[in-house]
Amino acid sequence: MRTGGDAGHVPRLDFLATPTGRQRGDTTVPEQSVPPSSSRPTPKSVAAWVLVGLVGAIGWGVLALSRDEEISAAWLLAAALGSYAIAYRFYARFIADRVLKVDATRATPAERLDNGVDFHPTDRRVLFGHHFAAVAGAGPLVGPVLAAQMGYLPGTIWIVAGVIFAGAVQDMVTLFFSTRRDGRSLGQMAQDEIGPVGGAAALVAVFAIMIILLAVLALVIVNALAHSPWGVFSIGMTIPIAVFMGFYLRVLRPGRVTEVSVIGVALLLLAIVAGGWVAESSFAGTFTLEKETLVIWMVVYGFLASVLPVWMLLAPRDYLSTFMKVGTIALLAIGVVVAMPTLKMPSVTDFAARGDGPVFAGSMFPFVFITIACGALSGFHALVSSGTTPKMIQKETQVRMIGYGAMLTESFVAVMAIIAACIIEPGLFFAVNSPGGVIGTTVESASQAVTNFGFAITPEALAQAAKDVEEATLLSRTGGAPTFALGMSEIFSSVVGGAGMKAFWYHFAIMFEALFILTTLDAGTRVGRFMLQDTLGNVHKSFKDVSWKPGVWFASAIVVGAWGYFLWVGIKDPLGGINQLFPLFGIANQLLAAVALAVCTTLLVKSGRLKWAWVTGVPLVWDATVTLTASYQKVFSEDVKVGFFAQRDKYQAGIDTDKVLAPAKNMDDMHTIVTNATVDGVLCALFAALIVVVLADAARTCVKAVRDPGSATLSETPWTESKIVAPAGLIATAEERAELTAAGLDSGGGQVKEPVA
């Protein structure tokens, strides 16, 4: 949200004067981006970073060297946090300063095009909250839980290494290049920079994948909130609280971020507590909603979040949600340190080698990387980084904190998710996450099936686990969310309340997960609207203005109508709608990351940064290899648990012999499964083919730019001097505080006003 403090009439500062530089047309372009810090490393800072490095190294050493013995989850925590700190301090700074050369003197689209609707300079703390809430959806909570089938070590290595070298890099670099292009969407950047063929393929693939991702996220929310008055009330109350916060910062107390944060968090905590009261009161029936009703309300909310000014609902609600998200995960980490639970899951299970796990089929390579997805690398993030965030960022120098930093935070959520999955008994883990067709419907059959997997658990233990959290059963509660809630309740109850509080913490975790995902849905809908408007702008120029009201309303209706349709059919038919496309979620998301990394690599090459193209090029090669391998296996594998067409042939053979096969209950279900498998196989092949076209066209463009640098044209917006002063990180440095003081601005920064003539 735009902040300006009470600066009065302050003259422009010397450091905002137009710098000396080379000329590009009528625009002066600075030679130097961010001046290097004048402060040299002190012995104290060197010692601190050495200590951080040692903590991370020791954590990794313990994880790597342990064999069959159980070790404390705190070592996993130490390995992740130490790695994140080193990566953010050194690698992210290297990319921002040396590779991208972020420019503090360059005006961002939020400053140049500020219209109070989509383009709006937003306090970095609020924008960090919005960006994190928008990108952190179901993936980091459930993907690592499912990947725990392979053991805790493979997933942990990819979560940490993947985010440092791939996921956070993608998010930051995409945000930077979109900011340089007036906040253009990923598909449109591909169209502008790669070429008409690759660009057209990217536009089609990106939008289609986007609708699938949004519908899947919406389905998870509906399943979590159905018949949950506590969840519906608490999450519903975040909407009026967010609107109040938006008007507070915009009208009542501009720039008072700390004030509104305290008020908002207090109201949020009250809403959570009140949700428990409502659930036990006579009003419970009012907030106990059926799935169909939830779909209608979610479609209405998604439309409003897309069309209303960003400062009014979307940004403050995401910022508010971030307090609960990050706060809960931080408390969970503290709980791990205090309770010191042990990792009961083996470091690597036999399923990693055999590829016949009951949770998901397929070998460790490539499917553990596809399953974890958002916790390490997510194409969806690139849509937000080229959607809402570049239209709200105050300064280019903030891309490191918002792009790289928010992704590290999400990765930490994934680390906590894999800890939660691996501290519960493996037998319970597999009983919860295996489908009913594998373990049966009774605790006796489940106990026997899980024992056959190599992880013994008694029927009494399974029954007691459900009783502890006040659930009728925990068998086949697939999807990952219930397992995360179990692990979370185990940790929190060990610190606060004991076994008697397990049920409370379990249901709190379920509501927490729903809140986590809903913020991705609303921001994703707005991003989808931007994407559709950019695409339609190639046909009708009025759509290029993403704040043009007819375009806003039309594109928003199309986006919510599309994911709303798939969601509605999915909740009415367990084999229809989004349930039909759900198997494409992981691969589609990773294919989207390949598009983003291809665009980023192309732009690095075209903008004269060939020697740094490996920064995005290496993760691109890895992601393309993993995802195209997975796509190939899903299309051509003869294993019916893996291949779509193999599954189709199996059920078609059943139809031909008039035999009903599980999970089908009748012949109509058999025909539906055949149709679904065929559609999934065709779409998987189509998406992979489109991505190959994008990669090939991007390679052609890069080779051409290297051979003939003069032929490379960029759609980058010309340099314009910035009149905003704002810190680059969450906490202002001494130099930044001095600049803010000289400008008469508070810690949020803002625009320096021109002197009166």
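All heavy atoms count here, side chains included; hydrogens, waters and symmetry mates do not. Note that the numbering runs from 1 along the sequence shown for the chain.
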- [ ] Output, in order, the C-alpha distance, side-chain angles, deciding distance and verdict of side chain to side chain contact (heavy atoms under 4.5 Å, CB included) for Phe687 and Ile209.
- [x] CA-CA 8 Å; Phe687 287 156; Ile209 291 172; 4.1 Å; yes
Task: Side chains of Asn676 and Phe644 in contact at under 4.5 Å (non-hydrogen atoms) - done: no
In residues 691-707, what donor-acceptor pairs under 3.5 Å come from side-chain atoms, sequence neighbours left out?
from	atom 1	to	atom 2	distance (Å)
Asp697	OD1	Arg700	NE	2.7
Asp697	OD1	Arg700	NH2	2.9
Asp697	OD2	Gly198	N	2.7
Arg700	NH2	Ile194	O	3.4
Thr701	OG1	Ile194	O	2.7
Thr701	OG1	Asp697	O	2.9

TODO: Answer yes if the side chains of Asp623 and Gln170 hold a donor-acceptor pair under 3.5 Å, and no otherwise.
DONE: no
- [ ] Please name the residue in the list Lys395, Arg112, Gln394, Arg106 that meets the side chain to side chain donor-acceptor pair (under 3.5 Å) test with Ser722.
- [x] Lys395
- [ ] Please confirm whether the backbone N or O of Thr174 pairs with a side-chain atom of Ser178, one donor and one acceptor, at under 3.5 Å?
- [x] no
Open item on the list: As an exercise, state the distance from OG of Ser542 to CH2 of Trp548, rounded to the nearest 0.5 Å.
Closed with: 4.5 Å
- [ ] Examine the side chains of Ser547 and Asn115 and answer whether a donor and an acceptor come within less than 3.5 Å of each other.
- [x] yes
TODO: Return yes if some donor-acceptor pair links the side-chain N/O of Asp318 with the main-chain N/O of Ala133 below 3.5 Å, else return no.
DONE: no
Open item on the list: Which residues pass the ring-ring contact (aromatic ring centres under 6.0 Å, His included) test with Phe207, not counting sequence neighbours?
Closed with: none
- [ ] Give a yes or no on whether the backbone of Ala598 and the side-chain of Thr601 come within a donor-acceptor separation of less than 3.5 Å.
- [x] no
- [ ] Mark yes or no for whether Thr389, through its side chain, and Ser385, through its backbone, hold a donor-acceptor pair below 3.5 Å.
- [x] no
- [ ] Would you mind listing every ring pair (Phe, Tyr, Trp, His ring centres under 6.0 Å) that reaches into residues 595-620, with sequence neighbours excluded?
- [x] Phe94-Trp612
TODO: Find the distance between CD (Glu716) and CD (Glu193) and round it off to the nearest 0.5 Å.
DONE: 8.5 Å
Open item on the list: Using only atom types and a distance under 3.5 Å, with no angle test, would you say the side chain of Arg125 pairs donor to acceptor with the backbone of Leu730?
Closed with: no
- [ ] Go through the structure and list residues passing side chain to side chain donor-acceptor pair (under 3.5 Å) with Lys572, not counting sequence neighbours.
- [x] none
Open item on the list: Suppose we screen for ring-ring contact (aromatic ring centres under 6.0 Å, His included). Which residues come up paired with Phe566, at least two apart in sequence or across chains?
Closed with: none
TODO: Considering only NZ, NE, NH1 and NH2 on the basic side and carboxylate oxygens on the acidic side, decide whether Asp97 and Arg400 come within less than 4.0 Å.
DONE: no
TODO: Mind checking ring-ring contact (aromatic ring centres under 6.0 Å, His included) for Phe554 and listing every partner two or more places apart, or none if nothing turns up?
DONE: none
TODO: Examine distances only and state if a side-chain atom of Ser631 and a backbone atom of Ala688 form a donor-acceptor pair shorter than 3.5 Å.
DONE: no
Open item on the list: Under the rule for ring-ring contact (aromatic ring centres under 6.0 Å, His included), what residues qualify as partners of Tyr248, not counting sequence neighbours?
Closed with: Phe244
Task: Within-4.5 Å side-chain heavy-atom neighbours: Leu536 and Leu532 - done: yes
- [ ] Determine yes or no for a side-chain-to-main-chain donor-acceptor pair under 3.5 angstrom, with His381 supplying the side chain and Asp171 the backbone.
- [x] no
Open item on the list: Using the rule given for salt bridge (Lys or Arg N to Asp or Glu O under 4.0 Å), can you reason through Asp118 versus Arg529, listing the C-alpha separation, both sets of side-chain angles and the distance that settles it, and then say yes or no?
Closed with: CA-CA 11 Å; Asp118 295 313; Arg529 187 254 286 181; 3.1 Å; yes
Open item on the list: Taking Ala200's backbone N and O only, do any of them form a donor-acceptor pair with Gln191's side chain (distance below 3.5 Å, no angle check)?
Closed with: yes
Task: Thr122 side chain to Ile393 backbone, donor-acceptor under 3.5 Å - done: no
- [ ] Quick one: pull up CZ in Phe582 and CD1 in Ile212 and give me the separation to the nearest 0.5 Å.
- [x] 12.0 Å
Open item on the list: Using side-chain heavy atoms (C-beta onward) and a distance below 4.5 Å, is Met172 in contact with Ile95?
Closed with: yes
Open item on the list: Please report the interatomic distance OG1(Thr108) to CZ(Phe119), rounded to the nearest 0.5 Å.
Closed with: 10.0 Å
Open item on the list: Test of understanding: with side chain to side chain donor-acceptor pair (under 3.5 Å), list the residues that count as partners of Thr535, not counting sequence neighbours.
Closed with: none
TODO: Side-chain contact test, heavy atoms from C-beta onward, threshold under 4.5 Å: evaluate it for Ser607 versus Leu714 and give yes or no.
DONE: yes
Open item on the list: To the closest 0.5 Å, what do you measure between CZ (Arg184) and NZ (Lys391)?
Closed with: 8.0 Å
Open item on the list: I want to check something: taking the side chain as every heavy atom from C-beta on, are Leu213 and Thr520 in contact at a cut-off of under 4.5 Å?
Closed with: no
Task: Test of ring centre spacing under 6.0 Å for Trp622 and Phe369 - done: yes
Open item on the list: Pair Gln533, Asp545 - check side-chain hydrogen bond (donor to acceptor under 3.5 Å, both in side chains), show working.
Closed with: CA-CA 8 Å; Gln533 286 186 265; Asp545 178 4; over 6 Å; no
Open item on the list: Quick test of your reading: applying side-chain hydrogen bond (donor to acceptor under 3.5 Å, both in side chains), list the pairs with at least one residue in residues 581-590, sequence neighbours left out, ordered by first then second residue.
Closed with: Ser378-Asn589
Task: Closest contact, heavy atoms only, Val206 versus Leu383 - done: CG1-CD2, 3.6 Å
Sequence neighbours left out, cut at 3.5 Å: what donor-acceptor pairs do the side chains of residues 297-308 make with other protein atoms?
from	atom 1	to	atom 2	distance (Å)
Tyr301	OH	Arg317	NE	3.3
Tyr301	OH	Asp522	OD2	2.5
Ser306	OG	Ser556	OG	2.7

- [ ] Check the pair Val615 / Val169 against side chain to side chain contact (heavy atoms under 4.5 Å, CB included), numbers first and verdict last.
- [x] CA-CA 8 Å; Val615 171; Val169 173; 3.7 Å; yes
Task: pair Pro316-Leu249: side-chain heavy atoms closer than 4.5 Å - done: no
- [ ] For the pair Asp114 (side chain) and Gly116 (backbone), establish whether a donor and an acceptor sit closer than 3.5 Å, ignoring hydrogens and angles.
- [x] yes
TODO: Answer yes or no: is there a side-chain heavy-atom contact under 4.5 Å between Thr525 and Trp563?
DONE: yes
Task: Qualifying ring pair (Phe, Tyr, Trp, His ring centres under 6.0 Å) pairs with a residue from residues 176-198, counting only residues at least two apart or across chains - done: none
Open item on the list: Restricting to side chain to side chain contact (heavy atoms under 4.5 Å, CB included), what partner residues turn up for Val569, sequence neighbours left out?
Closed with: Tyr565
Open item on the list: My understanding is that only one of Arg180, Arg124, Lys101 makes a salt bridge (charged side-chain N to carboxylate O under 4.0 Å, His left out) with Glu396; could you say which?
Closed with: Arg180
Task: Thr397 side, atom OG1; Leu100 side, atom CG - distance, nearest 0.5 Å - done: 12.0 Å
TODO: Report yes if the side chains of Leu628 and Leu591 come closer than 4.5 Å at any heavy-atom pair, otherwise no.
DONE: yes
TODO: Begin with the C-alpha distance, continue with both residues' side-chain angles, and end with the deciding distance and a verdict on salt bridge (Lys or Arg N to Asp or Glu O under 4.0 Å) for Asp680 and Lys634.
DONE: CA-CA 9 Å; Asp680 287 341; Lys634 295 298 288 185; over 6 Å; no
